[in-house]
Amino acid sequence: MATMGLLDYQDSQGTRGVLFEIGVCAGRYFSVLMRSGHRSGDPVIGLDPFLWIDEATVNDRLHANVPGAPYRFINAYSTAYTARTLLDEFDGKLARFISVDGSHEASDVLWDLRLTEEILHPDGFVAVDDFFNPVAIGVNEGVHRFFNNPRALVPFAMFSNKLFLCRPHKLESFKKAIAEYAESDQSEDRPRFFIEHRNRGDKAIEQTLWGTKFYSFG
Ligand SMILES: C[S@@+](CC[C@H](N)C(=O)[O-])C[C@H]1O[C@@H](n2cnc3c(N)ncnc32)[C@H](O)[C@@H]1O
């Protein structure tokens, strides 16, 4: 729901670009990208070697559950791509949203984040899944290795297992957008917790990572 809120915010700003996921699996999160692409007309592209569920089965499920929403799969490992060859696949368009949820090996996560940094639209954002997952700890190592050097990305929110990133100049805009989403969705625990603690003046909702203050939803 938070991702949908952020994508809707992006739509309201008129940001156009590819919606891209590394690691589609059965397409659960991918269907959120499809919803947004169906509305905006932006290309929706998933990259996955389909190690766990075969591509035909995923296609059948998506056609049944999100009928009529266009998308495209690239059946490959992300490590087979550079930023240049990915942009060729995107017809030169930058990505306005990237979900990083492929391999959990630290070196692959580092690779995926380097790709992401190069192909993200200036007003785009990124969701890195499993940042806090103890049984996918390579993601945590890969992200820390990435931020060990100066980067053109900063964290703006942490929400359950997902770490959200954007370009430094968009930090305050995306923090405001996710806080507005939280205000609008008080039926869910995390947004309710965030707003309650913010209204109480609890400084714990704003944490610092790699020198950037971001919103933590727990
Ligand atoms: C955790 S699942 C993705 C879950 C999906 N994003 C969701 O939320 O429903 C991980 C997927 O990454 C794929 N994968 C593994 N290594 C990969 C790589 N190097 N590049 C791209 N995808 C990869 C696997 O085939 C698997 O489908």
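One-based numbering, in listed order, for ligands and for the atoms of each. The basis for the numbers below is simple: all heavy atoms, side chains too, and nothing from hydrogens, waters or symmetry mates.
Nearest protein heavy-atom neighbour of atom 27 (O) of ligand 1: D48 OD2, 2.7 Å. For atom 17 (C) of ligand 1, the closest non-hydrogen atom of the protein is S103 N, 3.5 Å. Of all protein heavy atoms, the one closest to atom 23 (C) of ligand 1 is P49 CD, 3.4 Å. In this structure, atom 10 (C) of ligand 1 lies nearest to the protein heavy atom D101 O, 3.2 Å.
Those atoms of ligand 1 with a heavy atom of V24 less than 4.0 angstrom away are 5 (C), 9 (O). Listed by atom number, the atoms of ligand 1 under 4.0 Å from S78 heavy atoms are 18 (C), 19 (N), 20 (N), 21 (C). Taking every non-hydrogen atom of Y29 and a distance limit under 4.0 Å, the qualifying atoms of ligand 1 come out as 7 (C), 8 (O), 9 (O). The distance from ligand 1 to the heavy atoms of L51 drops below 4.0 Å at these ligand atoms: 15 (C), 25 (O).
Using a 4.0 Å cutoff on heavy atoms, E21 counts as a contact of ligand 1.
For D11 and S40, the side-chain atoms include no donor-acceptor pair closer than 3.5 Å. Side-chain polar atoms of T57 and D60 form no donor-acceptor pair below 3.5 angstrom.
With a 4.0 Å heavy-atom cut-off, ligand 1 is reached by no atom of I53.
For ligand 1, the polar-atom distance check against I22 finds no nitrogen or oxygen pair separated by under 3.5 Å.
Classification of R35 and D8 as a salt-bridged pair holds, one side-chain N sitting under 4.0 Å from a carboxylate O. A salt bridge does not link E206 with R198: every distance from a Lys NZ or Arg NE/NH1/NH2 to an Asp or Glu carboxylate oxygen is 4.0 Å or more. At a threshold of 4.0 Å, the pair E188-R192 does not count as salt-bridged, since none of the basic side-chain nitrogens sits closer than that to a carboxylate oxygen. Using a 4.0 Å cut-off between charged side-chain N and carboxylate O, E117 and R167 make no salt bridge.
Between the choices W52, Y77, W111, the shortest heavy-atom distance to atom 2 (S) of ligand 1 belongs to W52.
Evaluation of the ring pair (Phe, Tyr, Trp, His ring centres under 6.0 Å) test over residues 73-92, restricted to residues two or more places apart or in two chains, returns F20-F90, F30-F73, F50-F73, Y71-F73.
Residues forming a side-chain hydrogen bond (donor to acceptor under 3.5 Å, both in side chains) with S36 (at least two apart in sequence, or on another chain): R96.
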